[in-house]
Amino acid sequence: MTAVKTITETRAYARSDSKSAKLWERAQSVMPGGNSRTTVFMAPRPIYAAEGEGCWIVDVDGDRRLDLLNNYTSLMHGHAHPAITEAATRRLARGASFPLPTEEEIELAALIVDRVASIDHVRFTNSGSEAVMMAIKAARGFTGRPKIAKFEGAYHGSYDWAEVSLGPGPDEWGPAEAPASIAYSKGTPPSVLADVVVLPFNRTDLAVARIEREAKHLAAVLIDPMPNRAGLIPARHDFLRAVREVTAKHGICLIFDEVISFRLGYRGAQGLFDIRPDLTSLGKIIGGGFPVGAVGGRAEVMAVFDPRGGKPPVPHGGTFNANPVTMAAGLAAMRLMDEKAFDRLDEVGRKLRSGMDACFERAGLGAVTGMGSLFRLHPAPRNFVDYRSGAQSKEEAARLDRIHRQLIDHGILISPTGLGCLSTAVGESEVEYFLEVLNACLTKGASA
Ligand SMILES: Cc1ncc(COP(=O)(O)O)c(C=O)c1O
């Protein structure tokens, strides 16, 4: 499949007799809301994927879109990369999973340990959510303390503690120096809220002061150095350094959630920011497109999982942990990402974001945040600092929805929240195509 040069309508899914519509009908009779993954629901109904190759996806009604979402940042090389397909199918042909460890898990663990200075030991999970959960449990087990701190608006998967204050509204925020702990899921026990301290992102003095106040109860400070849901705003260096210093001073484990940000560089975001956390959660790109997660960190902390002396302080099972098909695919995907590949991706990312800036300037609306291969489209310019500064008015949210829908209907896939990312399959012609479509969408009525 090659890049398209002219903008085409991709709206076959919207017809009432489309294949997507029929699948959706059937889905609703067997799944709540026809849905098994909240993130991929799209009103009035989702578009069903048929297949993908490189940076293109074909839906079940035959329309092609440039994939700038890559299963929410997890595909580093787009779809059906020959080396990854070959590694996974070769492994699969020899058995999908075993009640015994396999060689592949050692190879992928060694690659991660080799690249990331803060990681001495690694354990694998099946998702980023589990990786965050196990990092938090490790920190609790290691320190013997009950509470964690996390940053307002940051997403870390669906573990109860990690979900607190993921999407509070302005009426729930509370004071900037002590943001309120707000449940995301109905039914979250009050004890969970009492054990999660919420911090303001990028506000060094306020965050450090709150950590100091709570220090003796804190097992961990959990941070994503560029939290997507909080606006994909990079952490300031001095802020990260201050968080590292105050956590070290009080024996609090610093957990870097690099489930997304690991795609920022050969040594992850922590390599770029030159920070050594105690624990790191990984996911997405390290599985080569298969379900995956990992928790890694200092040997002393990771020792809570060590089963050699009997039941470990923090037991960690998981039927499919480190399954060899995921490990083989992940290894193939990660080996392709050498330092040169990251440099090239950064360069394409810079071009894409500066092109987006130019589009927004011409249209007089919107903004883009992000770094490396990640970008997020915002419906209004702002001084982006943290979750609160990126909050959208109703009109802005409606504008983003219009832009997203027009992109979807003209051959481009990004997330409804404006998140997008590159794969190594994206070249200059695809970037040009995206910018052309974005420009047309912005001038066509997204500004209405
Ligand atoms: C920063 C971050 N942490 C954790 C997760 C959870 O990962 P998973 O969806 O694999 O459970 C995500 C998912 O998008 C994420 O973005």
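Atoms within a ligand are numbered from 1 in the order they appear, just like the ligands themselves. Source: prediction; values computed, not measured. The basis for the numbers below is simple: all heavy atoms, side chains too, and nothing from hydrogens, waters or symmetry mates.
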Check each atom of ligand 1 against the heavy atoms of [X] and keep those under 4.0 Å away; list them by number with element.
X: D224; result: 1 (C)
X: I260; result: 16 (O)
X: S127; result: 10 (O), 11 (O)

Residue and atom name of the nearest protein heavy atom (relative to [atom]), distance in Å to one decimal:
atom: atom 6 (C) of ligand 1; result: S129 N, 3.4 Å
atom: atom 14 (O) of ligand 1; result: K284 NZ, 2.8 Å
atom: atom 4 (C) of ligand 1; result: H156 C, 3.4 Å

Review point. Are the ring centres of F201 and F239 closer than 6.0 Å?
Key: yes
Study note, to complete from the structure: Partner of E152 under side chain to side chain contact (heavy atoms under 4.5 Å, CB included), picked from L166, D386, V198, is V198
**Study point:** Side-chain heavy-atom pair S423, D67 within 4.5 angstrom cut-off
**Key:** no
Practice item. Record the part of Y72 in heavy-atom contact with ligand 1 below 4.0 Å; permitted values are side chain, backbone, both and neither. Key: neither
Practice item. Output yes when D338 and K340 qualify as a salt bridge under the 4.0 Å nitrogen-oxygen rule, no when they do not. Key: no
Check your understanding: Between F342 and Y266, what is the ring plane arrangement, given parallel below 30°, perpendicular above 60°, and tilted in between?
Key -> perpendicular
Exercise for review: Quick one: sort the H237 and F273 rings into parallel, tilted or perpendicular, breaks at 30° and 60°.
Suggested key: tilted
Point to revise | Side-chain donor-acceptor contact under 3.5 Å, E163 with T188 | key: no
**Study point:** D257, any N or O under 3.5 Å of ligand 1 N or O
**Key:** yes
Review point. If you measure every N/O of G128 against every N/O of ligand 1, is any gap under 3.5 Å?
Key: yes
Review point. Quick one: does atom 8 (P) of ligand 1 have a protein heavy atom under 4.0 Å from it?
Key: yes
